[in-house]
*Asks:* 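Attaching a single structure in structure tokens format; questions to follow.
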Amino acid sequence: EKSEGRILVGPYNDMDVVRGQGTIGCEILEQLADVDMIVVPVGGGGLIGGIAMYAKLVKPGIRVIGCQPINDAAMWESLQAGHVKDIASKPTFSDGTAGDIEAGAITFTLCQRYVDHWVLVSEEEIERAVFDMMKHQKKIIEGAAGLTIAALRKLPLAERKGKNIALVICGGNISLDKIRYLIDKYDK
């Protein structure tokens, strides 16, 4: 890239990228000052790292929940091991969060420090969340966005009852084939 005059900007392992993604935390707290919890989908950790770092600095008592697919939980497994770990991942409907974490990733430390709790979600739970959003809210979301809805559903009622909760619904990049698959599977 440098020989062609281009610079590679990584999707998560770059402090400028993390700070940019942290502006989402700023927007959430500006619009919902009484928010108690933020639920964020996690791949490499840049999105949650930025959001959590900002949110915890501004409102230390806020809870930040990270969620990953059971089939591809590289950050969660790395945190359990205490170091970045290369894992064998399986295919996931949450393709926006899929992939490993680079050794030495700055996001690992951010997740250790600022994320309060983790929820692992099955493929069926992700699919059902995406389908339910289409059916009941008339919104098309991608699997990574469905991941946060599925994670919220898995949190015990006592942890969420009476709480103001923000879900980071991070995109709508889903193919027509996947939409057809969900309709065929769940529209009964």
*Asks:* Quick one: which residue pairs count as a ring-ring contact (aromatic ring centres under 6.0 Å, His included) with a foot in residues 54-75, not counting sequence neighbours?
*Replies:* none

*Asks:* Taking salt bridge (Lys or Arg N to Asp or Glu O under 4.0 Å) as the cut-off, I'd like each qualifying pair that reaches into residues 14-26, sequence neighbours left out, listed once.
*Replies:* D16-R19

*Asks:* I'd like to check V64 versus M37 (side-chain heavy atoms, cut-off strictly below 4.5 Å). Are they in contact?
*Replies:* no

*Asks:* Do I62 and I38 touch side chain to side chain, with heavy atoms closer than 4.5 Å?
*Replies:* yes

*Asks:* If we count only N and O atoms by modelled type, under 3.5 Å, do the side chains of E102 and N13 hold a donor and an acceptor together?
*Replies:* yes

*Asks:* Using the test salt bridge (Lys or Arg N to Asp or Glu O under 4.0 Å), find all partners of D177 that sit at least two apart in sequence or belong to another chain.
*Replies:* R180

*Asks:* Can you list the residues that meet the salt bridge (Lys or Arg N to Asp or Glu O under 4.0 Å) rule with D100, with sequence neighbours excluded?
*Replies:* none

*Asks:* Using the salt bridge (Lys or Arg N to Asp or Glu O under 4.0 Å) criterion, which residues pair with E125? Sequence neighbours excluded.
*Replies:* K154

*Asks:* Looking at I141 and A145, what are the two nearest heavy atoms and their distance?
*Replies:* CB-CB, 3.8 Å

*Asks:* According to a hydrophobic-cluster definition based on side-chain heavy atoms being under 4.5 Å apart (Ile, Leu, Val, Met, Phe, Trp, Tyr only), do I179 and L147 belong together?
*Replies:* yes

*Asks:* Are I149 and V40 connected in a single hydrophobic cluster, I mean Ile/Leu/Val/Met/Phe/Trp/Tyr linked by side-chain heavy atoms less than 4.5 Å apart?
*Replies:* no

*Asks:* P69 and I126: which non-hydrogen atoms are nearest, and at how many Å?
*Replies:* CB-CD1, 3.9 Å

*Asks:* Treating Ile, Leu, Val, Met, Phe, Trp and Tyr as nodes and any side-chain heavy-atom pair under 4.5 angstrom as an edge, say whether V119 and L152 lie in one connected cluster.
*Replies:* yes

*Asks:* Tell me, please, which residues at least two apart from D34 pass salt bridge (Lys or Arg N to Asp or Glu O under 4.0 Å).
*Replies:* none

*Asks:* Could I get the full list of side chain to side chain donor-acceptor pair (under 3.5 Å) partners for R113, not counting sequence neighbours?
*Replies:* none

*Asks:* Taking all heavy atoms of A151 and all of V39, pick out the closest pair and write down the distance.
*Replies:* CB-CG1, 4.2 Å

*Asks:* Which residue pairs pass the side-chain hydrogen bond (donor to acceptor under 3.5 Å, both in side chains) test with at least one member in residues 87-98, sequence neighbours excluded?
*Replies:* T92-E123, S94-T97, D95-K178

*Asks:* Please name all residues satisfying side chain to side chain contact (heavy atoms under 4.5 Å, CB included) with Q68, sequence neighbours left out, ordered by chain then number.
*Replies:* V42, A73, M75, W76, W118, L120

*Asks:* If the condition is side chain to side chain donor-acceptor pair (under 3.5 Å), which residues does Y186 pass it with, not counting sequence neighbours?
*Replies:* E127

*Asks:* What pairs with A81 under side chain to side chain contact (heavy atoms under 4.5 Å, CB included), at least two apart in sequence or on another chain?
*Replies:* H83, K85

*Asks:* Could you tell me which residues satisfy side chain to side chain donor-acceptor pair (under 3.5 Å) with D116, sequence neighbours excluded, listed by chain and number?
*Replies:* K56

*Asks:* With hydrophobic residues grouped by side-chain heavy-atom distances under 4.5 Å, do V121 and M134 end up in a single group?
*Replies:* yes

*Asks:* If I compare all heavy atoms of A105 with all of Y12, which pair ends up nearest, and what's the gap?
*Replies:* CB-CE1, 4.1 Å

*Asks:* Indicate, with yes or no, if L155 and M133 share a hydrophobic cluster defined by side-chain heavy-atom contacts under 4.5 Å among Ile, Leu, Val, Met, Phe, Trp and Tyr.
*Replies:* yes

*Asks:* Taking the side chain as everything from C-beta on, heavy atoms only, tell me whether L79 gets closer than 4.5 Å to C111.
*Replies:* yes

